[in-house]
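All remarks here apply to the structure that follows.
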Amino acid sequence: MGTVYETIIGLEIHAELSTKTKAFCACEYRYGGEVNTQCCPVCMGLPGTLPILNRMVVEYALRMGIATNCHINQVSKHDRKNYFYPDLPKGYQVTQADIPICENGVVEFYHQNHHKKIRLARIHIEEDTAKLLHDDAFRGTLIDFNRSGVPLIEIVSEPDLRSSGEAKDYLEAVRTLLDTLDICNCRMQEGTIRCDVNVSVRPKGQEAYGTRVEMKNVNSFSGAMQAIEYEAERQTKLLQEGKTVAQETRRWDEKSSVSVAMRTKEDAADYRYFPDADLLPLVVSDEWIEKVKNALPELPVAKYERYLSMGLSPSDSAFFVEQPKKAVFFDDCVKNENVLPKTIANWIIGEITARLNKNSLLIEDSPVTVMGICEMLRMIDDGIINNDAGKVILNEIFANGGKPSEIAERLALIQNSDEDELSALVDTVLSENEKSVTDYRNGKTNALGFLVGQCMKMSKGKANPQIINQLLRDKLGNA
Amino acid sequence: MFENKNAADISIMIRQKEVKPSEVCGYFLARAKETEPDVNAFITLSSDLMERAEKLDQEPISSATSPLFGLPIAIKDNISTSDMPTTCASKMLANYRPPYDATVISRLREQGVLVIGKTNMDEFAMGASGETSFFQPTHNPHDLSRVPGGSSSGSAATVACGSAPLSLGSDTGGSIRNPASSCGVVGLKPTYGAVSRYGLLAYANSFDQIGTFAKTVTDTALLTAAIVGHDQKDATSSRDFTIDTAAVEAFSVKGKKIGILKECFAAGIANCVDDRVMAAANTFASMGAKLVDVSIPSINDSLSAYYAIALSEASSNLSKYDGLRFGYRAAHFDDLESLYINSRSEGFGEEVKRRIIIGTYILSSGNYDKYYRKARILQATLQNDFAAAFMKCDILLSPVTPQTARPLGYKETNPDTLFLGDVCTVPVNLAGLPAISVPCGLDHENMPIGVQLIGRKFSDTELLGYARVFERESN
């Protein structure tokens, strides 16, 4: 029996904050703007310019720190990380080195109904770099300064993760938290969340960590999983062959799914961190912390537990935790209408989400309002329309808008609940389908479904199916 | 017409409409053109000064008009101006023109003050003689064979030779006081934070401070009052700070204690400097002040601390000069690394490169604790010692430099003199204090000598008050 190896993973997540303006100047930033239209002398690092810290950046970092139960350093500072690269106009990045704003926290989340906790070493504030553009039409590299100086928080976990799957769950939990706190746009394809992955392996049961390898350039959650798996396997193989793992930084190549050595410990970059005297110490008052704490939204774990207690399934609860905007929509519906929360959840998660996705719409832009869905669900609950009519109404609203009651009227979707009329209809159907009647009486109970279908067909879909069902059962039983 | 007039006098003439701004500017521009071949105080002279002055001629004058309205001013070439290049006297920035004005420039423009030109300096303000300029050294107007001091060499020389009535410089370790003393003009380094640094090309940003030169203390106070105050663009600029020019004029030293700073009168000081500076102290005594001896032994460690911090900051501040976006780019390179290396090797002068290399070494892994952290501890000790000294006296008095201006190209070899050369000025920057150099006489070769007065943080008005009392009494 060979040695069994265990993978140890730590993640450094860089999340771009969605503050209106940049970290150290008044430039507004939106992803996708025309190149070099969202920059000024300060974020272009022109000589003589000075940084002014955006207080909203601190506020957003505090939200994350408090939501993850971090210790808040009420006096932290800004440092310079010095290195040369064309995307770094000042020749240094403003970051926080030895005293970050937040330390020693924990990210809690539910995964497949298991409550998990991953410890955080720190969260600190830093600025993003410019973006290099390599254009085939132009021999060389161009620089877009729009992203230069956009605020980031770096969320550094302890090495608490043990598998690529767990790392992905954690990444998703962090994304959910950022989304819930409304501090990041959380679009990986736009680079708003990036991560560096630290991986080591050790024989199972051994306490000391193995040699750590840092992997950069991981730009997607699936990329992170692949990178971890690749690296764990590479390191395990080295150890099995009696070789050692070199302490180094590797670059993840997403296209070919391999990690490539970038630099070893010996030639590791020396960033010459030192305090940035252009910025005053960052002081956070008790009042500020208290204010942020009191304004925090319901956090994912509490929300998950609340939905379970409302009767939602674990997967439906998780759905809303991961999609905070839809959760708000759901909560508003529950508040508005006395319909079973589970029913409301089914409609939002199923029919509405499907139509939003089909039309590439966010729930914020949904043509169906909270009032609209509530009105429709009430009509279903009261038996005025049936589920199928509900779907037709949704289609109509997505296509042309409108009020569910008016659409139901206009498209003649109101169902027939007149027992006398329906009784006559059932009688007709029974007389025209004697074979099915015989089948049913001989124990083929699925013949009932066929008969219901025939009744619905004859009523052009407007018969109340519950009443039809009851009438059929009554009549077949009595015959 | 304005030869012996100071800025305040000319201001009165403008306000009483005896002269127009264009006449004033025309005079100084002509004077600059006359003196430049000898003095080389400017890197750039304004090409549209007269047009701008003629526009001011049309503006109405009221009681709200700034006392500096219509006056020309010379600006050290490390302060950003959108209408003229800002070179830092470096090949690296020889063709760099900022797209914006420094806050001090905006404030002066709003008050109708006209930039006559950008003055010569030591490259990136690194030096104390003006000789490291890429644009040839400035000559001392009192003796053209001598240096004017530095690094604000041109700003001091222009006021001294009368080609501008006012000028701005910057002081990181003595760069205003040193040339003011050597050129026989008044030079004020305000409290750190009193004047916005926005637009000042950084050398050592925790010490850099824009300050003022003029022929008289009154003019210095007027100019300083015009540029101080909080700036939203500079996080380190102080709130609610002003200069009270009336209080400067009304100041009395009666009963005040003047501390004679012992460590600045050590071996290496020229006899004539010692004599004139002590004579200045005695002038204060004759005006009713009391002289007390004060010792701050930690001053002797201050040079090491200063260089460790200043060069560390410089190594980072000058990283943006990489040949990519603006400034000098090497003609030949093979890849990104050689583009950086060649551009910086060719674009920076020797002194700048020396300081960048030392600063980089100090911040390198393993050295940070050995040098940088220790320097910060020494800085804190020095600050405490200054605070203790100010329990014993109201103001400190010392020479600015131990010797008068040396000949151009002369290399001082006496280690005591070399050490003392910076030791009187540098501690002031380490402690963030205000200090002023006021002319206090001449040596036997008629070269000017300055006395330095050092005040408590944000006591700039009183500091100017002491200087004004001395100036009035010694005239």
Side-chain angles (χ1 to χ4, degrees), chain A residues 23-26 36 39-55 77-94 97-98 130 132 140-145 148 265-283, chain B residues 78-80 86 88 92-93 96 98-103 124 192-193 196-202 204-208 231-237 309 312-313 315-322 324-327 336-337 339-341 344 359-368 372-373 376:
Chain A
F24 298 114
C25 64
N36 291 321
C39 48
C40 72
V42 176
C43 56
M44 294 176 81
L46 287 182
T49 57
L50 296 170
I52 296 292
L53 178 62
N54 178 352
R55 276 178 67 88
K77 65 185 184 52
H78 303 277
D79 301 282
R80 293 181 180 181
K81 178 180 181 178
N82 295 283
Y83 64 96
F84 287 96
Y85 205 65
D87 66 8
L88 192 66
K90 297 191 293 291
Y92 58 82
Q93 177 193 34
V94 179
D98 51 343
L132 299 185
T141 301
L142 300 165
I143 309 175
D144 176 9
F145 288 96
S148 182
K265 189 192 173 193
E266 286 68 39
D267 53 26
D270 183 351
Y271 292 119
R272 292 173 281 121
Y273 289 99
F274 81 112
D276 190 339
D278 289 337
L279 289 155
L280 301 176
L282 171 48
V283 180
Chain B
N78 60 353
I79 298 173
S80 299
T86 298
C88 270
M92 183 60 89
L93 292 177
Y96 171 67
Y100 72 99
D101 278 330
T103 296
F124 280 100
Y192 185 80
S196 167
R197 288 184 295 116
Y198 188 79
L200 171 69
L201 276 61
N205 49 314
S206 71
F207 302 143
D208 294 340
D231 177 14
Q232 288 184 6
K233 293 176 180 163
D234 178 358
T236 63
S237 80
I309 297 167
S312 295
E313 292 182 352
S315 71
S316 175
N317 287 328
L318 271 66
S319 292
K320 62 179 61 173
Y321 308 109
D322 57 9
L324 287 189
R325 299 164 306 281
F326 53 82
L336 181 63
E337 183 153 339
L339 166 59
Y340 284 144
I341 291 172
R344 289 168 67 80
T360 304
Y361 176 79
I362 290 170
L363 289 180
S364 295
S365 159
N367 292 340
Y368 182 90
Y372 186 87
R373 198 180 297 278
R376 284 290 187 204

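Lettering follows sequence order; numbering is per chain, from 1.
For A:N36, the side chain to side chain contact (heavy atoms under 4.5 Å, CB included) criterion is met by A:C39, A:D144, A:F145, not counting sequence neighbours. By the side chain to side chain donor-acceptor pair (under 3.5 Å) test, A:D278 is found to be paired with A:R80, B:R197, B:N205, residues two or more places apart in sequence or in another chain being considered.
Both the backbone and the side chain of A:P86 come within contact range of chain B, with heavy atoms under 4.5 Å apart. In this structure, chain A has a heavy atom under 4.5 Å from the backbone of B:L200, while its side chain stays farther away. For a residue to count as touching a neighbouring chain, one of its non-hydrogen atoms must lie under 4.5 Å from one of that chain's; by this rule B:Q232 touches chain A with the backbone only. Only the side chain of B:L336 comes within contact range of chain A, judged by heavy atoms closer than 4.5 Å. Of the two parts of B:S80, only the side chain, counted from C-beta on, holds a non-hydrogen atom closer than 4.5 Å to a non-hydrogen atom of chain A. Neither the backbone nor the side chain of B:P98 comes within contact range of chain A; no heavy atom of the residue lies under 4.5 Å from a heavy atom of that chain. Proximity to chain B (any heavy atom under 4.5 Å) is shown, for A:F84, by both the backbone and the side chain. If you measure heavy-atom distances from B:S196 to chain A, you find no contacts under 4.5 Å at all. Only the backbone of A:Y273 has a heavy atom closer than 4.5 Å to any heavy atom of chain B. Of the two parts of B:N317, the backbone and the side chain both hold a non-hydrogen atom closer than 4.5 Å to a non-hydrogen atom of chain A.
Of all heavy-atom pairs spanning A:G91 and B:S319, the tightest one is CA-CB, 3.8 Å. When all heavy atoms of B:Y192 and A:A277 are compared, the closest pair comes out as OH-O, 4.4 Å. Here the closest non-hydrogen pair linking B:S315 and A:R272 is OG-NH1, 4.3 Å. Contact between A:P89 and B:R325 at its shortest, heavy atoms only, is O-NH2, 2.7 Å. A pairwise comparison of heavy atoms in B:S312 and A:F274 identifies O-CZ, 4.1 Å as the closest pair.
Distance alone, capped at 3.5 Å, is enough to place a donor-acceptor pair between the A:D270 side chain and the B:S365 backbone.
With values rounded to the nearest 0.5 angstrom, B:D234 atom CG is found 6.5 Å from A:I52 atom CD1. One finds the CG atom of B:D322 at 13.0 Å from the OH atom of A:Y85 (value rounded to the nearest 0.5 Å).
Of the listed residues A:T49, A:L88, A:I143, the one with more heavy-atom pairs under 4.5 angstrom with chain B than any other is A:T49.
Counting only heavy atoms from C-beta outward, the side chains of A:L46 and B:F326 approach each other to under 4.5 Å. Between B:Y100 and A:C40 there is no side-chain heavy-atom pair separated by less than 4.5 Å.
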